[in-house]
Q: 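This is the structure I want to talk about, given as structure tokens.
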Amino acid sequence: MRHILTRLLIAAFPVLSFFSLPSFAGNDPAARAKSSQKKAVTTATKPGLEGFDDFMAQVLKDWKVPGVAVGVVQDGKVILLKGYGYRDVEKKLPATPNTLFAIGSITKSFTVTMLGMEMDEGKVDWDKPVRNYVPDFRMYDPVLTEQMVVRDLITHRSGLPRHDMVWYSSDFPREDLLRRLQFLEPNKPLRATFQYNNLMFMTAGYMAGKLNGKSWEDSVRERILLPLGMTGTTFSEKDTQNAPDFAQPYQKGNDVKSEVKRMPFDEQCPDTCALGPAGEINSSVADMSRYVLFHLNKGKLEGKALLSENNSIQMQTPQMVIQGAPDFKEQSETSYGMGFFISSYRGHKQVEHGGNIDGFSAEMIFLPGDGIGIVVLTNLDGTAVPYVVANNVLDRLLGLDQVPWSQRYLEQEVKAKESEEEAKNKNYTPHRAGTHPSHELKEYAGDYGNSGYGIVSIAEDGDHFKMTLNRVTKPLEHLHYDVFQVPDSPFEQFAKLRVMFSSDAYGDISSLSMPLETRVKDIVFTRLPDKQLTERIFIEAFTGQYEFPGSPTPFTISIRGDHTLILASPGSPDVELVPKRGTTFNLKDQSGVSLEFKRDANGKVIEAALSDNGTTVVLKRK
């Protein structure tokens, strides 16, 4: 869990650990003179990328990154398209300018660009309610439902924290993800705090597709990719792997000594991914260089306007402040525009977005006032290499001294991992030794549901459990009391994810909870009834009449519809029996009241035990 949360954070917020205050000459005469001299030199000999190949060779070695592709544009022209290292380590296939990599969250700007085109056509308004365009849109809070406008979806100010495990663990269709929003708890008021949210961008993309009368994928392909000549770009891993030149995904373990190993492609999205508008696109630096030029030219490419200058500028203008001070003096505080982060780099306005998805890391940066744009694509999971490379290119083209970004970021990574190992070695991780589960393992097994997050299945696996959260299956080992966790491992994305089981007043395991979204309460999954209790062939054995002690009138148990048991008593309203487990049912709308059917040695139902908040009587079957 540690690794996956870190990776998701980097994907959403690549500058979180790396941005800092700008460096200015200020009123120091010596500094101003030095700055003037540098400008004069720059005018005489325009800075270039001399020595960049040697720099890249060292980056590949230091970071153990398999392959990197770099695209650079300047003054309206492409000045570099080049691959470094391998797109496939095992087969020794080199990375090239046409190698397809997943670009992750850089996709978000495509979604906003698409909406901007529809805005230009009068189909949508940034500041009108989302429900005007998606009537089924529902949030947990009715106020959010009514007040959320389109601009809120694409500026990360919805009040909803990430809740990424809803989509990352599942193969829920896009419409289903939209439906589940109403069950996801917010933690902030609308427009109060920047909180990166992929699900809001998914909603924006879904809306954009509907407004265009097609899917989001078809809309982006027809209105952005084809007009820009991005003919190699794809939306699915299936199409990517059918291309002649694509990168394999790799990951580096989360301890200091870990080596790089190949990852499987995500089987969740072989064709298209429900979260597509937030991070589905796969592209090359050859294609992406054209996309960068398009945004540098404020919605135009080669003289053709696809997006109005007004909406292009709005994308590149701060819309939501991001709280937090930078780490380094070369970079500034950051805001979010619409599909882009907005900041400055060494005094130059910078527009950028990172991308990180299983096995791939990417960065797209452009300086609007300097006509410089950079795309860096890699096939290594959760790495800072794209920022190292992009910043180095900026230093070179701006004619500035080269900041040792690689050493800085490496030091950050190494220190963080060493500190984690130190805490582990000192046994600082919270753990109560010598404890044991409160129930036999078999009593924990079953299905547990949450309306937003889906289904968790717990199954015995020897002395441990297997946990399946929607489509993701992981082992569970006992930690302490009724808390279990995914075992720690350098390459385990869900490492140390904890699962806590809870019991009801009768001592039965009734729910489990997990910290799947740390900014709200633990996500609770309520135990679901045993499947057999919803099967007519099984529950037919319970039908019949049962005598209540001291009453001349028996109860009648019958089936209504396909599989609903009903308890009926003359003169009283019928009561639905709600399946629980085994042969036990709860009486609907009656807290603490249950009915358990009992069998004899031959399996015949002979009686039932009616429990009412601690008092139990036997109902003999007639």
Side-chain angles (χ1 to χ4, degrees), residues 1 169 430-451 453-470 472-487 494 496-516 521-535 538-539 541-542 563 565 577-588 590-601 603 605-618:
M1 187 65 174
S169 70
H431 175 223
R432 294 293 185 92
T435 63
H436 56 80
S438 62
H439 294 64
E440 295 181 38
L441 291 185
K442 64 181 181 180
E443 295 187 44
Y444 297 86
D447 294 334
Y448 301 76
N450 178 280
S451 297
Y453 276 76
I455 304 295
V456 174
S457 297
I458 303 295
E460 287 186 85
D461 186 22
D463 295 333
H464 303 285
F465 289 136
K466 283 193 303 185
M467 175 189 72
T468 300
L469 172 58
N470 299 316
V472 175
T473 298
K474 300 294 176 183
L476 283 183
E477 62 183 14
H478 182 249
L479 180 63
H480 50 224
Y481 298 113
D482 281 339
V483 179
F484 296 74
Q485 72 173 8
V486 177
F494 288 78
K496 296 187 177 181
L497 172 62
R498 295 188 175 188
V499 181
M500 183 175 72
F501 292 87
S502 298
S503 302
D504 60 20
Y506 297 97
D508 294 325
I509 300 295
S510 58
S511 66
L512 65 81
S513 60
M514 290 185 280
L516 297 178
K521 300 184 295 292
D522 284 2
I523 307 302
V524 176
F525 294 77
T526 303
R527 188 160 193 168
L528 301 177
D530 292 348
K531 292 180 180 178
Q532 61 187 9
L533 296 184
T534 61
E535 297 172 355
F538 182 80
I539 64 175
F542 306 141
H563 49 69
L565 281 183
L577 299 183
V578 179
K580 188 177 180 183
R581 67 186 57 91
T583 58
T584 301
F585 295 75
N586 291 325
L587 274 64
K588 188 175 183 179
Q590 297 188 37
S591 178
V593 184
S594 64
L595 189 65
E596 181 180 4
F597 296 96
K598 302 290 185 177
R599 302 177 187 269
D600 61 16
V605 177
I606 57 171
E607 59 191 20
L610 177 65
S611 296
D612 185 349
N613 290 288
T615 299
T616 303
V617 296
V618 176

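Start at 1 with the first residue, then count along the sequence. What's counted below: heavy atoms across the whole structure, side chains too, no hydrogens, waters or symmetry copies.
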Q: Indicate the atoms forming the closest heavy-atom contact of S169 with N470, along with that distance.
A: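 In this case the closest contact between S169 and N470 is OG-ND2, 3.0 Å.
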Q: Whether the side chain of Y448 engages the backbone of S513 through a donor-acceptor N/O pair (distance < 3.5 Å, no angle test) should be reported.
A: no
Q: Nearest 0.5 Å please: distance from the CG atom of L476 over to the CZ atom of F494.
A: 11.5 Å
Q: If you look at every heavy atom in P529 and P579, which pair is closest and at what distance?
A: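 Taking every non-hydrogen atom into account, CB-O, 3.3 Å.
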Q: Hey, are the side chains of H478 and L441 touching, using non-hydrogen atoms and a 4.5 Å cut-off?
A: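 A side-chain contact is absent here, since even the closest heavy-atom pair is not under 4.5 Å.
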Q: Using a 4.5 Å cut-off on heavy atoms from C-beta on, say whether the side chain of F597 contacts that of L577.
A: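 In short, these two side chains touch, coming nearer than 4.5 Å.
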Q: For G582 and D530, work out which heavy atoms get closest and say how close.
A: N-OD2, 2.6 Å
Q: Working to the nearest 0.5 angstrom, can you tell me the gap between Q590 CD and N613 CG?
A: 10.0 Å
Q: Measure the spacing between OG of S502 and CG of L512 and express it to the nearest 0.5 Å.
A: 8.5 Å
Q: Whether the side chain of R432 engages the backbone of Y481 through a donor-acceptor N/O pair (distance < 3.5 Å, no angle test) should be reported.
A: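 It does not hold such a pair.
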Q: Supply the atom-to-atom distance T583 OG1 to Q532 CD, rounded to the nearest 0.5 angstrom.
A: 8.5 Å
Q: Using only atom types and a distance under 3.5 Å, with no angle test, would you say the side chain of D612 pairs donor to acceptor with the backbone of V617?
A: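 No, the answer is negative, given that no donor and acceptor are paired below the 3.5 Å cut-off.
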Q: What I'd like to find out is whether the side chain of L595 reaches to under 4.5 Å of the side chain of F542, using heavy atoms alone.
A: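 No - every pair of side-chain heavy atoms lies 4.5 Å or more apart.
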Q: How far does CZ of F465 sit from CZ of F484, to the nearest 0.5 angstrom?
A: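 Rounded to the nearest 0.5 Å, the CZ-CZ separation comes to 4.5 Å.
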Q: Hey, does the side chain of H436 reach the backbone of H439 with a donor-acceptor pair shorter than 3.5 angstrom?
A: no
Q: Does anything in residues 474-487 form a salt bridge (Lys or Arg N to Asp or Glu O under 4.0 Å)? List the pairs, not counting sequence neighbours.
A: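 Every salt bridge (Lys or Arg N to Asp or Glu O under 4.0 Å) pair that includes a residue of residues 474-487, provided the two are not neighbours, is K474-E492.
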Q: Tell me if the CG atom of D463 is crowded by more than 12 foreign heavy atoms within 6.0 Å.
A: no
Q: CG/L479 to CD/Q485 distance, rounded to the nearest 0.5 angstrom?
A: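 Answer for the CG-CD pair, L479 versus Q485, is 4.5 Å.
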Q: Quick check: closest heavy atoms across Y453 and L469, and the distance to 0.1 Å?
A: O-CD1, 4.4 Å
